Each structure stands twice: as structure tokens, then as C-alpha cells.
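Have a look at the structure below before the remarks.
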Number of protein chains: 2
Amino acid sequence: MPDPPWQPPRVLLAVDLVILTLREARLHVLLVERGIDPFLGALALPGGFLCDEHEDIEAAARRELSEEAGLPDVHLEPLAVYGEPGRDPRGRVVSVAYLAIAPRLPEPVAGTDAAGACWTSVEHALAPGTKLAFDHRRILIDGVERARIQLEHTALATSFCAETFTISELQQVYEAVWGVRLDPRNFYRKVQGTRGFIVADGPMRKTPNGRPARLFRAGPVHVLNPPMTRP
Amino acid sequence: MPDPPWQPPRVLLAVDLVILTLREARLHVLLVERGIDPFLGALALPGGFLCDEHEDIEAAARRELSEEAGLPDVHLEPLAVYGEPGRDPRGRVVSVAYLAIAPRLPEPVAGTDAAGACWTSVEHALAPGTKLAFDHRRILIDGVERARIQLEHTALATSFCAETFTISELQQVYEAVWGVRLDPRNFYRKVQGTRGFIVADGPMRKTPNGRPARLFRAGPVHVLNPPMTRP
DNA sequence: CCAATAGTGTCTGTAAGACAATATGTT
DNA sequence: AACATATTGTCTTACAGACACTATTGG
């Protein structure tokens with residue numbers, strides 16, 4: 001450690017957001033086209049620097065969530081820190097990544113601040129040909145993996161759904177995020193058996209095609225016991 | 001977002017270490033007595049600021065690990081970020097916490113840089129009467145919980161043991177970290193059934209008192225399949 | 001022999017996965 | 001009726017936990 005008059009270095013602090021949703025039964029992530037210098041024109045995760053010295057980090061994440069995606073109250077949780085010295089050509093930038101889960105939304109992302117924000121299927125975003133700015137490919141991979149794990153142990157899946165939903169719709173969430181097919185019969189019993197996960201929403205019904213299904217809403221429990229197990 | 005001449009704020013970046021080990025069948029954490037101003041004299045986790053603008057964060061964690069605890073090559077993994085605006089009275093300090101796991105060591109922590117480094121039982125460190133500097137109580141709680149989860153899904157437990165160990169010794173790791181008692185017979189079969197977790201180390205033996213036990217060493221597998229389940 | 005720990009065998013309940021069968025809507 | 005989806009029931013298998021039992025050392 002250097003002598004007393006030594007001052008520790010300061011770094012720029014950024015937040016990056018992995019905002020996931022479901023569209024057409026596939027997992028999508030919100031990407032923006034960069035409008036400024038480093039990686040200008042490339043696709044990137046929404047994010048930005050702290051506004052001022054006193055802004056809370058999670059508050060900054062919520063601010064970006066609102067500014068760049070127009071999403072006010074969605075599930076938000078810390079993902080990881082990315083601070084490799086060379087990750088940003090502008091200098092030493094340490095980024096705190098957050099994972100956000102949004103329910104199904106209308107096609108155009110209304111009220112968007114950053115031009116060119118668009119939902120991209122995760123499959124396409126991670127395809128070999130797609131280039132993402134900075135280390136955002138790594139962050140996206142980590143975010144998707146975190147979502148998969150959270151689906152096992154918490155009631156996060158209901159955050160992908162609307163206020164009320166059928167068990168089939170909930171199953172589609174699991175299938176899309178996990179990337180697997182599940183047996184509807186076993187899924188039905190499993191979800192029903194995890195008390196507190198979902199609660200019936202009156203005897204209401206729906207009609208896509210076939211027998212109408214019962215409607216449910218998110219239950220009071222956040223940690224699932226027993227957990228959902230990936231095949 | 002402010003106008004072009006605006007410059008984002010800079011923050012101080014620190015690392016904090018939750019270094020866990022086993023002593024007398026109890027989980028212990030390495031704490032140091034602070035020798036400088038904020039919280040002078042209080043107990044704190046080892047840690048410090050980045051050396052210079054270009055130091056990698058994990059490298060800084062390893063440096064502190066070596067400087068403050070004299071531990072060179074132990075298991076190290078990122079834990080979380082703590083950046084609440086008021087957490088450090090000196091200004092805006094964002095800390096990246098790491099979790100380190102060390103095998104059993106000789107009583108005095110040799111080659112220690114910070115004076116007053118000592119192993120403290122986690123039970124005592126988290127007791128209501130014990131005051132820790134900054135938000136280190138929260139960081140320690142998160143670190144212990146992370147260790148508990150990692151013990152379920154990875155072969156982390158072997159990092160608490162010496163090069164070779166008996167199944168009883170491995171069981172003591174689980175009991176100490178999880179804070180529960182396990183059935184030796186079921187634990188024996190369970191561990192043996194998780195292939196790749198531990199491998200026999202020749203027909204060698206040991207003699208504390210009672211029948212000698214077979215010796216094992218860490219296997220090639222890091223993620224346990226099936227996982228160990230907490231009672 | 002007795003105490004203590006290591007290691008094996010057996011049983012039972014719970015839960016997951018496969019899949020038949022029934023219910024209730026649409027066309 | 002034919003079809004599609006929802007919901008229920010049953011069966012098989014795997015595994016966790018309880019616990020009797022055998023094996024091998026030291027005193």
C-alpha cells in the first residue's frame with residue numbers, strides 16, 4: 001500500500017440492463033442501437049452512467065428502465081459487476097448489471113428515449129453473426145442463465161405473465177426461458193402442488209380454441225418450495 | 001440526461017473479502033481490526049481500494065487476500081456489489097465483495113499485513129453485540145448464505161478440506177456451514193453416489209479413535225449432479 | 001470385552017415422469 | 001361429429017431419510 005498522501009483511483013460507474021420479456025412464445029431482450037461514439041451503431045443493452053455522485057445504483061437502473069424502455073414497475077434484481085480494465089475504450093468503467101423481467105407488451109415500445117430500442121429474440125441476439133457492444137454478449141448470457149435459475153427457485157415466472165393467466169401460459173414461460181418442452185399434465189399438477197405459487201382468480205375463463213381454462217394470479221409466495229426442476 | 005459537456009461522476013472502488021474456513025468444527029471468518037479513521041478499532045472484513053486505475057478487480061481481491069491474510073491460492077468467487085450512497089462516511093465508495101474459502105490453517109495467520117487479523121467464529125461475528133464496520137455485517141451474512149448454497153450445488157466443500165480427507169471430515173464441513181446435523185450413514189452413501197465429487201486416494205487410512213477411514217481427494221467434477229440437499 | 005467410528009443393508013414415504021382417460025369448449 | 005385443449009387419475013421408478021446391523025480399530 002502506498003504512502004499516506006496517496007489517493008485511491010476513481011472509476012466511472014455505469015448500470016446495464018438485461019430486460020427480458022416473452023413475445024410469440026420466445027424469449028426476447030430489449031436492445032438499443034448506440035447513438036454515440038464507442039460502438040456507434042452497434043446493438044447494446046440499455047444502460048448509462050450514474051447521474052450524480054449521490055444517486056443510488058438501483059435507482060439509476062430504474063431510471064434507465066424508465067428512460068430507455070418506458071417500463072415503470074417491473075421485477076428488477078442485481079445480476080453481477082463487470083469491471084475488466086479494457087471493457088470500455090473511454091477509460092475505466094465499472095458496470096453493475098441488473099436483470100429486469102417484463103410481462104408481454106404492445107409491439108412498439110412507447111415513450112422510448114433512446115432511438116432504435118427494439119425487442120430482439122435472445123436466440124438472434126446471441127447468434128454468432130450478431131455483434132453486441134462492449135461485453136454485453138457476456139452480460140446477456142449471464143442474465144439469461146440467471147433467469148433460468150430463478151425460474152426454478154422463485155415465482156419469477158409470474159412476472160412474465162399478465163395480471164391473470166392460465167396454467168398453459170405459465171407453462172409457455174418455462175418452456176421459452178428454459179428452451180425445453182414440458183408435459184402439460186405433470187406441469188399442471190406440479191404448479192398446483194407448490195402452495196402459494198399461484199392462486200385461483202374466481203371461476204373466470206378464456207377461449208383461444210378448445211376447452212376454456214381457469215384463470216390464476218401470482219400467489220403470495222416468492223421462494224418456491226419445492227422448487228421447479230429443470231428436465 | 002444532461003448536455004454534452006456533462007461529465008459522469010466518479011466513485012471510489014473497493015474490494016471486500018469474506019474469507020471462510022473451518023476451525024474446531026465451526027465456521028470462522030477472517031476479520032481485521034481497523035487501524036485508520038472511519039470505524040477505527042472496529043472489526044471489519046479484509047479489503048481495500050484499487051491500487052491504480054488499471055488493476056483488475058479480482059486481481060485486487062487476490063492481492064488483499066495475500067497482503068492481509070497470507071493466503072495465495074484459495075477458491076475465490078464474486079459475491080455482490082455494495083454501493084449504497086451512505087455506506088462509507090468518506091464519500092461515495094462502491095465495494096465489490098468476494099467470497100474466499102480456505103482449508104484448515106495453523107492458528108496464527110502468518111505473514112499478515114494488517115495488524116490484528118484474526119479468525120472469528122461466524123456465530124460470534126454475527127452476534128447482536130458484535131459491531132462490524134460499514135455494511136460488513138450484511139456482506140458477511142450474504143457470504144455465508146452464498147457458501148451454503150454453493151455447498152449444495154458444487155464441490156466447494158472440498159475447498160474447506162486438506163488435500164486428502166475422510167468422508168467424516170467432509171460431513172463436518174457440511175454440518176458446520178449449514179449449521180445442521182446429518183446422518184453419517186446417509187451422508188456416506190449420498191456422497192459416494194455423486195460421481196466425480198470425491199475419488200479414493202489409494203487404500204491409505206487414518207487413526208483418530210475407532211475404525212480407520214478411507215481417504216479421498218477432490219474429484220474432477222465441480223457442479224454436483226445430483227446436488228446435495230439441505231434438510 | 002467395551003467404546004467409538006466406518007461402512008452396508010433395508011424399508012418407507014415422497015415426488016417426478018410417462019401416459020391413459022375424462023371434461024368441455026370450437027368448428 | 002371431429003378436434004383441441006384442460007384437468008384428473010394411475011403407474012413406475014428414483015431418491016431422501018430413518019434406522020438395524022456388521023466391521024475394525026483402540027483401550
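Hydrogens, waters and symmetry mates are skipped; everything else that's a heavy atom, side chains included, is used. Naming convention: chains lettered A, B, ... in sequence-line order (proteins, then strands); numbering from 1 in each chain. This structure is a prediction, so every number in the text was calculated from the model and none was measured.
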> Listed by chain and number, what are the side chain to side chain contact (heavy atoms under 4.5 Å, CB included) partners of A/Val223, not counting sequence neighbours?
Replying inline: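 Scan of A/Val223 (side chain to side chain contact (heavy atoms under 4.5 Å, CB included), adjacent residues dropped) gives none.
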> Which residues in residues 218-231 of chain B have at least one heavy atom lying under 4.0 Å from any atom of DNA chain C?
Replying inline: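 Nucleic-acid contacts, sorted: none.
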Pair [X] + [Y], salt bridge at N-O below 4.0 Å:
X: B/Lys131; Y: B/Glu33; answer: no
X: A/Arg63; Y: A/Glu67; answer: yes
X: B/Arg146; Y: B/Asp142; answer: no
X: A/Asp16; Y: A/Arg138; answer: no
X: A/Arg62; Y: A/Glu77; answer: no

> Using a heavy-atom cut-off of 4.0 Å to chain A, what are the terminal contacting nucleotides of DNA chain C, in 5' to 3' order?
Replying inline: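 First and last nucleotides in contact are C/dA16 to C/dG25.
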>> Classify A/Ser168 by what it touches in the nucleic acid, base, sugar-phosphate, or nothing, heavy-atom distance under 4.0 Å.
In response: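 Result for A/Ser168 = sugar-phosphate.
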> A/Arg214 near the nucleic acid: base, sugar-phosphate alone, or nothing, with a heavy-atom cut-off under 4.0 Å?
Replying inline: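 Sugar-phosphate contact only - A/Arg214 comes under 4.0 Å of backbone atoms but never of a base.
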>> If you only use heavy atoms from C-beta on, which nucleotide in D/dA18, D/dA6, D/dA16 is closest to the side chain of B/Asn186?
In response: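 Of the candidates, D/dA18 comes closest.
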What is the distance, to the nearest angstrom, from the [atom1] atom on [X] to the [atom2] atom on [N]?
X: A/Phe216; N: D/dA6; atom1: CZ; atom2: C1'; result: 10 Å
X: B/Leu182; N: D/dA18; atom1: CG; atom2: P; result: 10 Å
X: A/Gln192; N: D/dA6; atom1: CD; atom2: C1'; result: 11 Å
X: B/Asp183; N: D/dA20; atom1: CG; atom2: P; result: 11 Å
X: B/Glu152; N: D/dA16; atom1: CD; atom2: P; result: 12 Å
X: B/Gln171; N: D/dG17; atom1: CD; atom2: P; result: 13 Å

Every protein N/O lying under 3.5 Å from an N/O of nucleotides 22-27 of chain D:
{"unit_1": "D/dA23", "atom_1": "N3", "unit_2": "B/Arg211", "atom_2": "NH1", "d": "3.1"}

> Under the ring pair (Phe, Tyr, Trp, His ring centres under 6.0 Å) test, which residues partner A/Phe187, sequence neighbours left out?
Replying inline: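 With neighbours one apart ignored, the set is A/Tyr174.
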>> Please compare B/Arg189 and B/Ile167 by the position of their nearest nucleotide in DNA chain C and report the one closer to 5'.
In response: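 It is B/Ile167 whose nearest nucleotide is closer to the 5' end.
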> Which is it for A/Val29 and A/Ile19 under the side chain to side chain contact (heavy atoms under 4.5 Å, CB included) test, yes or no, and what are the steps along the way?
Replying inline: CA-CA 5 Å; A/Val29 59; A/Ile19 310 173; 5.6 Å; no
>> Show every ring-ring contact (aromatic ring centres under 6.0 Å, His included) that has at least one partner inside residues 120-142 of chain B, sequence neighbours left out.
In response: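 Counting only pairs at least two positions apart or across chains, the ring-ring contact (aromatic ring centres under 6.0 Å, His included) contacts touching residues 120-142 of chain B are B/Phe39-B/Phe134, B/Phe134-B/His136.
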>> For D/dA6 and A/Tyr188 - does any side-chain N or O of the residue sit under 4.0 Å from the phosphate oxygens OP1/OP2?
In response: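 No.
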>> Between B/Leu45 and B/Leu17, does the side chain to side chain contact (heavy atoms under 4.5 Å, CB included) criterion hold? Intermediate values first, please.
In response: CA-CA 6 Å; B/Leu45 297 173; B/Leu17 292 165; 5.8 Å; no
>> Please check: side-chain N/O of A/Thr21 versus main-chain N/O of A/Pro103, any donor-acceptor pairing under 3.5 Å?
In response: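 Pair found, side chain donor or acceptor close to backbone of A/Pro103.
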